Number of protein chains: 4
Amino acid sequence: MSNISPPRKRRKEARPSELSAAALDLFVEKGFAATRLEDVAQRAGVSKGTLYLYFDSKEALFKSVIEDGVVPVLVEGEEIASRHEGSAFELLEKLLANWWAGIGETSFAGIPKLMTAESRNFPELAQFYYENVIRRGRAQVASALERGIASGEFRKLDIETTIDVVIAPILMLVIWRYSMACCQGTQVDPQQYMAVHLTLLREGLKRTQV
Amino acid sequence: MSNISPPRKRRKEARPSELSAAALDLFVEKGFAATRLEDVAQRAGVSKGTLYLYFDSKEALFKSVIEDGVVPVLVEGEEIASRHEGSAFELLEKLLANWWAGIGETSFAGIPKLMTAESRNFPELAQFYYENVIRRGRAQVASALERGIASGEFRKLDIETTIDVVIAPILMLVIWRYSMACCQGTQVDPQQYMAVHLTLLREGLKRTQV
Amino acid sequence: MSNISPPRKRRKEARPSELSAAALDLFVEKGFAATRLEDVAQRAGVSKGTLYLYFDSKEALFKSVIEDGVVPVLVEGEEIASRHEGSAFELLEKLLANWWAGIGETSFAGIPKLMTAESRNFPELAQFYYENVIRRGRAQVASALERGIASGEFRKLDIETTIDVVIAPILMLVIWRYSMACCQGTQVDPQQYMAVHLTLLREGLKRTQV
Amino acid sequence: MSNISPPRKRRKEARPSELSAAALDLFVEKGFAATRLEDVAQRAGVSKGTLYLYFDSKEALFKSVIEDGVVPVLVEGEEIASRHEGSAFELLEKLLANWWAGIGETSFAGIPKLMTAESRNFPELAQFYYENVIRRGRAQVASALERGIASGEFRKLDIETTIDVVIAPILMLVIWRYSMACCQGTQVDPQQYMAVHLTLLREGLKRTQV
DNA sequence: AATGAATGAGGCTTCATTCAT
DNA sequence: AATGAATGAAGCCTCATTCAT
């Protein structure tokens, strides 16, 4: 009893994330410019003015959406990479599965689409995203590729470029889901999609016997 | 005689596409909502009012940008597919090279980013784009995959899903170029990227010898 | 006993004037409309809500600022006028000195600027100020002028108009101090200013010898 | 006929001053913060948006009001001072009469009140006003005082301070007119006011015979 | 009595759209 | 055909005011 904080206080602390979450949905759906703060407020169940108790401006809210959505990500992946003991390809599988569970299946899955759509209008934020998300994600994939090439499991490929090619289908999957997937006839089954991607990777990366 | 027209007339007929071209750049850079018609007009060297002589509204201009950008595409690809006589993988290579030459290297390369960013705000346009671009592009890839599977050159894979996985890296390449590529440290070399992608595909699609 | 009250109680009773005092500074500095209650509260060291325990509205606070600032004024001047026995000009000097000590040198000195800036937005308040401050101040000056004219010390001048001319430089002095005096090069020395003003008055009012 | 520009053009050129004039009235009446641009637009007979064709912001409009109101002033005064040949006091009279005709009786007469009310919120503008109006006005009065003191017509007084005392009643007259004069019982007759002021000055400045 | 989170009306500003020239 | 001045709806943001604690 005594260690339960009063609801008002709990609300105060929870508010910023509630507002960010509401904003994320709308930014992903409509883009930054086309999203009205009134709609964000309404979705969060507060008034327009309340947003300004927690964020200085629409732009500050946008930054918080990205930064907050980015925080919980990519930490576990780094641990997975450092602890892994099996084959390089198994590591790759684990990393992609982890990303899928932590991002692809959560509400943060809309962030890649949002960042690609808005990065030119928010260059500093794009840079921040690159440093804190993309670079770290790529490093994880790099560790698997390097391990596989070093052990002879994978063929010799340019690491940096291969990273791009490996992660592109996965990014495209979530981008697609938050964009064209609203059209008829464009449904994609993520399970099957990932299965095919992994199949192609498994065989594509495998060192060709001489 | 036939290919010479008076400059005045040529100008008049060319206006709409000049305006569309100017608009494409800005829509790709800023998104639909954040693009100001004043800037479009200025880039095209006309006044704001002139835009309305050719387009009913900002939305109509946007549709024209997409539709104009779509017209010259994918026609040649279909001919390539129907005339092809070599291996299935060679066909795939030709198709991707054709797309790259006709879209990836032109100013239309920004359209995929634009469509993913705006499709939810323009569902009918997204549907149109899907029917006229995506479906046809996928059909071309499908014809190569089907041919390869039928001949035993490719392993058996779900066609629709494999199409997705095959084209995703290419779409991602151009999306990247018009978004995060503005950041430092994010440069991608398209030649090398395509080379790696094709390598992985070649080996990944190849039927595993029993 | 009589002059010691418990701090708690003193505080409670002192609150309204503390708040008025804080508000006066800001109203003088920024004007009524541009002053934010949040700033008033902060300067008084209370929360915004507390203001509403003592004042019904921003407008009520403004009225209180003026009315509070008006209370301690002009009482002594009337006594001075009624008790005076020397020359008319000496009375005039005493009255102006009294005003300067009671208003010109206190924090109430900003009120003339504030009233001139806001009187049109608060006509009833302006009327109140006129009745309770201006009219009484003018009456004091009038008594000195009348006495001097009656005794032949001063030349014959229209009393009402002369009052205006006599007090204008003094009002202007405090208005100036709270407005343009923030600029470089606009410093005025009140002592010297008053000395010159009195010199001009002494000679200007003196009846010309025939 | 041929040298009459088309109405549209004439309007375009006349607009800024029309808007400034409308804004001056309202700024003087209500102050900067309390004046709504919608009211300014309405008084000028245009829409709110039109203001932004000519002024970047409310603050820019305010600056223009002051700067435009300042331009036509004080030029003639300087010529009067340089051409004058009579007594010093006659010069002083001419200068004050000129100021009255050029400012005191025009719609610019509200500017002194406006500047005193807002100078603290617009320090650079206040500085500009000081440099371009106040300093020049004071210099004109200074030239009359110096001439009178040098010739023995005036008593010896500190020039700078005397300037203040000489112009204060005149400034106060227009400030009063645009502020408290809205109250009952506060009417001032400018002619009589100036007459008394000049009488006091004439006798007050005059060198006392030894 | 005091707080400060929350509200929502209202103002400044932008920009798609219109229309007289 | 082309212009660009003008409009006014709509969005961001501020801040006086309220009220649960």
Side-chain angles (χ1 to χ4, degrees), chain A residues 6-9 11-13 15 33-41 44-61, chain B residues 8-9 11-12 15 32-42 44-62, chain C residues 8-9 11-12 15 32-42 44-62, chain D residues 6-9 11-13 15 33-41 44-61:
Chain A
R8 180 67 84 89
K9 182 88 174 296
R11 205 63 187 280
K12 172 83 187 293
E13 283 165 2
R15 269 287 146 79
T35 295
R36 298 183 307 139
L37 288 189
E38 180 138 29
D39 290 342
V40 174
V46 300
S47 74
K48 234 183 329 176
T50 299
L51 287 172
Y52 286 86
L53 296 176
Y54 300 95
F55 303 98
D56 286 343
S57 65
K58 190 184 184 183
E59 191 165 331
L61 174 61
Chain B
R8 180 81 59 93
K9 183 101 172 290
R11 192 60 184 281
K12 198 158 95 181
R15 265 289 149 81
F32 175 77
T35 295
R36 300 186 305 146
L37 288 190
E38 178 129 33
D39 290 341
V40 173
Q42 188 180 351
V46 301
S47 75
K48 227 180 346 173
T50 300
L51 287 174
Y52 284 84
L53 296 175
Y54 298 95
F55 302 100
D56 287 343
S57 65
K58 190 184 185 184
E59 196 162 319
L61 173 61
F62 181 73
Chain C
R8 181 84 55 93
K9 182 103 174 288
R11 191 62 184 279
K12 199 158 92 181
R15 265 289 147 80
F32 175 77
T35 294
R36 299 185 305 145
L37 288 190
E38 178 129 32
D39 291 341
V40 173
Q42 189 181 350
V46 300
S47 75
K48 226 181 344 173
T50 300
L51 287 174
Y52 283 85
L53 296 175
Y54 299 95
F55 303 99
D56 287 343
S57 65
K58 190 184 184 183
E59 197 162 317
L61 172 62
F62 181 73
Chain D
R8 181 67 83 89
K9 183 89 172 294
R11 204 63 187 278
K12 172 82 187 294
E13 283 164 2
R15 269 286 145 78
T35 296
R36 298 184 307 140
L37 288 189
E38 180 137 29
D39 290 341
V40 174
V46 301
S47 74
K48 233 182 330 175
T50 299
L51 287 172
Y52 285 86
L53 295 176
Y54 301 94
F55 303 98
D56 286 344
S57 63
K58 190 184 184 183
E59 190 165 331
L61 173 61

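First the proteins, then the strands, lettered A, B, ... as listed; each starts at 1. Because the structure is predicted, anything quoted here is derived from the model rather than measured.
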_Of the listed nucleotides (dC15(E), dC12(E), dT7(F)), which one gets closest to any side-chain atom of R36(B)?_
dC15(E)
*Check the distance between dC15(F)'s C1' and E59(C)'s CD and give it to me in whole angstrom.*
16 Å
*Just how far, in rounded Å, is P of dC15(E) from CG of L61(B)?*
16 Å
*State, with a plain yes or no, whether a side-chain heavy atom of L61(C) is found less than 4.5 Å away from one of K58(C).*
no
*Do the non-hydrogen side-chain atoms of R15(A) and L53(A) ever get within less than 4.5 Å of each other?*
no
*asked:* Does L37(A) reach a base, just sugar-phosphate, or nothing at all? Heavy atoms under 4.0 Å.
replied: sugar-phosphate
*Looking at dA1(F), dA6(E), dA6(F), which one has an atom nearest to any side-chain atom of Y54(A)?*
dA6(E)
_Among residues at least two apart in sequence or on other chains, which ones pass side chain to side chain contact (heavy atoms under 4.5 Å, CB included) with Y52(A)?_
L37(A)
*Distance in angstrom units between Q42(B) CD and dT3(F) C1', rounded*: 15 Å
_S47(A), nearest nucleotide to its side chain (from dC12(F), dA1(E), dT7(E))_ = dT7(E)
*Which nucleotide, dT7(E), dC13(F), dA6(F), lies nearest any side-chain atom of L53(D)?*
dA6(F)
*Would you kindly give the CD-to-C1' distance between E38(C) and dT3(E), to the nearest whole Å?*
12 Å
*Which whole-number value in Å describes the distance from K58(C) NZ to dG10(E) P?*
15 Å
*asked:* Rounded to whole Å, how long is the line connecting atom CZ of F55(B) with atom C1' of dA16(E)?
replied: 15 Å
*Partner residues of S47(D) under the side chain to side chain contact (heavy atoms under 4.5 Å, CB included) criterion, sequence neighbours left out*: T50(D)
_Donor-acceptor pair under 3.5 Å, K48(D) side chain vs dT7(F) base_ = no
*Any idea which of dA2(E), dT13(E), dT17(F) is nearest the S57(C) side chain?*
dT17(F)
*Using Watson-Crick and G-U wobble pairs with both distances under 3.5 Å, what is the 5'-to-3' dot-bracket string of DNA chain F, with [ ] for crossing pairs and | for pairs outside the strand?*
.||||||||||||||||||||
_Between dT18(E) (P) and L51(B) (CG): distance, integer Å_ = 13 Å
*Quickly work out the Y52(A) OH to dC12(F) P distance and round it to whole Å.*
7 Å
*Sequence neighbours excluded, which residues qualify as salt bridge (charged side-chain N to carboxylate O under 4.0 Å, His left out) partners of K48(B)?*
E38(B)
*To the nearest 0.5 Å, what is the distance between CG (L51(C)) and OG (S57(C))?*
11.0 Å
*Find which nucleotide of DNA chain F each of D56(C) and T35(A) is nearest to by heavy atoms, and output the residue with the more 5' nucleotide.*
T35(A)
